[in-house]
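First comes the structure, then the notes that go with it.
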4 protein chains.
Amino acid sequence: MAISAARNGEGERDAPRTPPPVVSRTGPRRSESARLAVLRAADDLLVERGFDGVTVEGIAARAGVSKQTIYRWWKSKVDILLDTIADDAPEALAWEGGRGTPEEELKAQLRRVADFLASPPGQVLQALLGHAQLDERTARRLREGFVREQRERDLAGLRAVLARHAGAELDRETGSEVEAATAERLLDALLGPLYHQVLVQGQVPGPEFTDAVAEWVLELASR
Amino acid sequence: MAISAARNGEGERDAPRTPPPVVSRTGPRRSESARLAVLRAADDLLVERGFDGVTVEGIAARAGVSKQTIYRWWKSKVDILLDTIADDAPEALAWEGGRGTPEEELKAQLRRVADFLASPPGQVLQALLGHAQLDERTARRLREGFVREQRERDLAGLRAVLARHAGAELDRETGSEVEAATAERLLDALLGPLYHQVLVQGQVPGPEFTDAVAEWVLELASR
Amino acid sequence: MAISAARNGEGERDAPRTPPPVVSRTGPRRSESARLAVLRAADDLLVERGFDGVTVEGIAARAGVSKQTIYRWWKSKVDILLDTIADDAPEALAWEGGRGTPEEELKAQLRRVADFLASPPGQVLQALLGHAQLDERTARRLREGFVREQRERDLAGLRAVLARHAGAELDRETGSEVEAATAERLLDALLGPLYHQVLVQGQVPGPEFTDAVAEWVLELASR
Amino acid sequence: MAISAARNGEGERDAPRTPPPVVSRTGPRRSESARLAVLRAADDLLVERGFDGVTVEGIAARAGVSKQTIYRWWKSKVDILLDTIADDAPEALAWEGGRGTPEEELKAQLRRVADFLASPPGQVLQALLGHAQLDERTARRLREGFVREQRERDLAGLRAVLARHAGAELDRETGSEVEAATAERLLDALLGPLYHQVLVQGQVPGPEFTDAVAEWVLELASR
DNA sequence: AGCTAAACGAGACGGTACGTCTGGTCTTCTT
DNA sequence: AAGAAGACCAGACGTACCGTCTCGTTTAGCT
């Protein structure tokens, strides 16, 4: 729900970010096939050769597109990679509300995040998170864009689950809604260990890890 | 304790990893002042201009040293940065056992980690963790070196604290020693949220955050 | 006289060289204002910024015309410049027969050539002659077009002057008409030093230079 | 004679024009083989593909040298071409004093110039003269360098021939030395027609042309 | 008064070369 | 032998124009 709303709000967002042309204009429109070929090529190169193996020239060559076409629409290879996750990540990381018990849902969601991080788009995200440590501009764009949006989706999803969880546990009490600051910290408790494993230890943990973390978070949520 | 032992074992480790020259030799020895100037210059440049602003040529220029001298002793700028944290991090991240209650000690330790991450050597570590996402070689060297060693120190420290905590809570029970796998997960629960804040959200959280996390970990440890 | 004939024959020559449309047609005709704006812009740019400063895009921008409009009517910027001199040069370089003595006429003509070379259209010619050294296609078009035609006009003009000169000198002799090959060489003797000064030495010589050359040519013509 | 003197004065001139290093310096010296490979490649490319076919990248590729090495020593491809003629032209255009009669010597010299212009280095000169019409910087460098120096050599050579010619004609008269300004103009009369043919008409004339011009110049020199 | 075809503006696109930058390696001289 | 100096190959960077190619819009003449 939150997701489809979000999708509505950003449907064309990966297309040129210029505001809709107020005056009618003439001439050819941006080539959608070129755009997709570039995103595809960047993604492939990153998985195949790693971040340093992604070069604008390499993308251009593999996408069958000229360098200038890339520079017309993107400022850097980082911009391109940001677009690829903007295309792929939101649906892969969407909360699927209301399937099974809260515990089941939370475990499923955390597994989904782990699976995503292991997938090609997830590798792109890892690389961008890495580059964000090295480059302030990348950091800002990533955090003000994807990270912030995803965090909002995650907060909404988590709070929904916790509300159901609290309701099921004691449906007579009043304090149904989780306090905002608490939800933030519980989200960190949920995602932190996973990202720590991935970014610091360099491995995507399996279900036994994510399931245990999910259980802990529910325990902590119950005080 | 564990730390000073580690220090003994790695005293010159940041110097060239070649085994000590067995046969006597002639000619000038490696210039220690050059080595320090290089490490210093690399650190300064990273803080001032960020990772991309650190170049071997730039380090050479600022350290008043020739490029070849750097390449003679280090393979890359990453090697240099690895050396700088090997010098600084272990003591900054050492567990100071037995001061106050277990809870106080755990909170203090987590604050110490946060403070370290905000300090110049911590920025170097952040940058290296970032670069490790982009470069397999860096990832291996960092994780097989500093990350592994620090994790061992952290595990030992955490288990000591938990033992004290368990003992204080119920000193009649048998299960004093925390199970290894559980300690690993509790360590992730302790450090994960902090690293997540730093690496993903891009901000070093304050004491209210780290204290809350430390409390949760103790809660979880008590089942 | 010969000139006006030539002008008749090439009046629209700078317009598209396509044969007149046999079938009747509809739609707008070529915009004369666009054509003039382009020629004007090209000329201005060449004088202001030199040959390399003349770009098709620059011409289009300054003329307020689209690139495609230029490429519809000209194949290259060289084509445009060729058109500008085809418009201007023939009259500026015309021989004005029968004013004063042969010597006066010859001197006046050579001064006129020098003046032309110093004028904006003359700079265009210099640039085209320069470019002809670098580009075979330009060389052919320039030499088969303007250069050949101008040479014919010059030969005719010179022979007329020499005929008058010979007649005045010894009007009893038979050999009035100058032999064709000789006239060619005398023309080279007349123009060569001037062009040499301009193209090799890089300066347009003054009247004392051109007058002396003209005198010499008359001397040589008298054997 | 004048030539060998000139050669002495410019022996290393094509090497880096920086003054001899006053302070002793260390490190590798400029690679002479790279320098020669570059000059050679530029010359070849010009003859094979024309001026526009000469690109810095193409030269680098053919010479087996990196672009940076070229840009370290030359500012542009024009600089490289200037060096190639500085290497080749002076000897090809040297006056060989005192062989045969003045007339024979003058004819031989003019033929030599024509032959040079038809040779590969002569094509380079043509191209540079062409480019000098298009680019002020090239013009200055060419004229202040090679053109000026060659003109001095030519003036000396011509004056020597004319002196012999005047002496042979009337060895009792006083006015042996030709006046400077006159020599300049006679040189223009000698070279002008040839360069005019080459640069404007686009063809290198044969001996019948150059011989006739040489004869005329001697005639004019005799008043 | 339409109809229709050309001319035109705007500008996206694949290319090619530019001149700059840094990375690592290697060579030469000095200490 | 270590070190300073710096030449060298390699290759990506981001820019500038090129000449070609759609697109819609505007404008004449012809029905």
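Within the structure, every side-chain polar atom (N or O) of B:Trp73 is placed at least 4.0 Å from both OP1 and OP2 of F:dA2. Distances shown here put a side-chain N or O of D:Arg72 below 4.0 Å from the OP1 or OP2 atom of F:dC8. For the OP1/OP2 pair of F:dC9 and a distance below 4.0 Å, the side-chain nitrogens and oxygens of D:Ser66 include at least one atom meeting the criterion.
Between the NZ atom of C:Lys77 and the C1' atom of F:dA16 there is a distance of 13 Å, rounded to whole Å. Atom C1' of nucleotide F:dC23 and atom CD of A:Glu32 are separated by 17 Å, given to the nearest angstrom. With rounding to whole Å, A:Lys75 atom NZ is found 16 Å from F:dC13 atom C1'. Summarising the geometry, the separation between CH2 on B:Trp74 and P on F:dG3 is reported as 10 Å, rounded to the nearest angstrom. As rounded to whole Å, 13 Å separates atom P of F:dT15 from atom CD of A:Glu57. Here the P atom of nucleotide F:dA5 and the CZ atom of D:Arg30 are 22 Å apart, to the nearest Å. To the nearest angstrom, C1' of E:dC13 lies 15 Å from CZ of A:Arg29. As a whole-Å value, the separation of C:Tyr71 OH from E:dA7 P is 18 Å.
Listed nucleotides E:dT27, F:dC13, F:dT22 differ in distance to C:Gln68; the shortest reach to its side chain belongs to F:dT22.
By the 6.0 Å contact criterion, CZ on C:Arg72 is enclosed, its count of non-hydrogen atoms from other residues, nucleotides or ligands being greater than 12.
At the heavy-atom level, B:Gly58 lies nowhere under 4.0 Å from the strands shown. Using a 4.0 Å heavy-atom criterion, one finds that C:Lys67 contacts the bases of the nucleic acid, with or without backbone contacts as well.
Nucleotides of DNA chain E nearest to A:Thr69 and D:Thr55 differ in position, and the one nearer the 5' end is that of A:Thr69. Residues B:Val65 and A:Pro28 each lie close to DNA chain F; by heavy-atom proximity, the contact nearer the 5' end of the strand is made by B:Val65.
Using a 4.5 Å heavy-atom threshold, the side chains of B:Asp135 and B:Val78 count as separate.
With A:Trp73 as the aromatic partner, A:Arg30 meets the cation-pi criteria of under 6.0 angstrom to the ring centre and within 45 degrees of the ring axis.
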What verdict does the side-chain contact (heavy atoms from CB on, under 4.5 Å) test give for C:Asp43 and C:Leu39, after you've listed the backbone C-alpha separation in whole Å, the side-chain angles of each residue and the deciding distance to 0.1 Å?
CA-CA 6 Å; C:Asp43 208 335; C:Leu39 294 182; over 6 Å; no
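No side-chain donor-acceptor contact under 3.5 Å links C:Lys77 to the backbone of C:Ala42.
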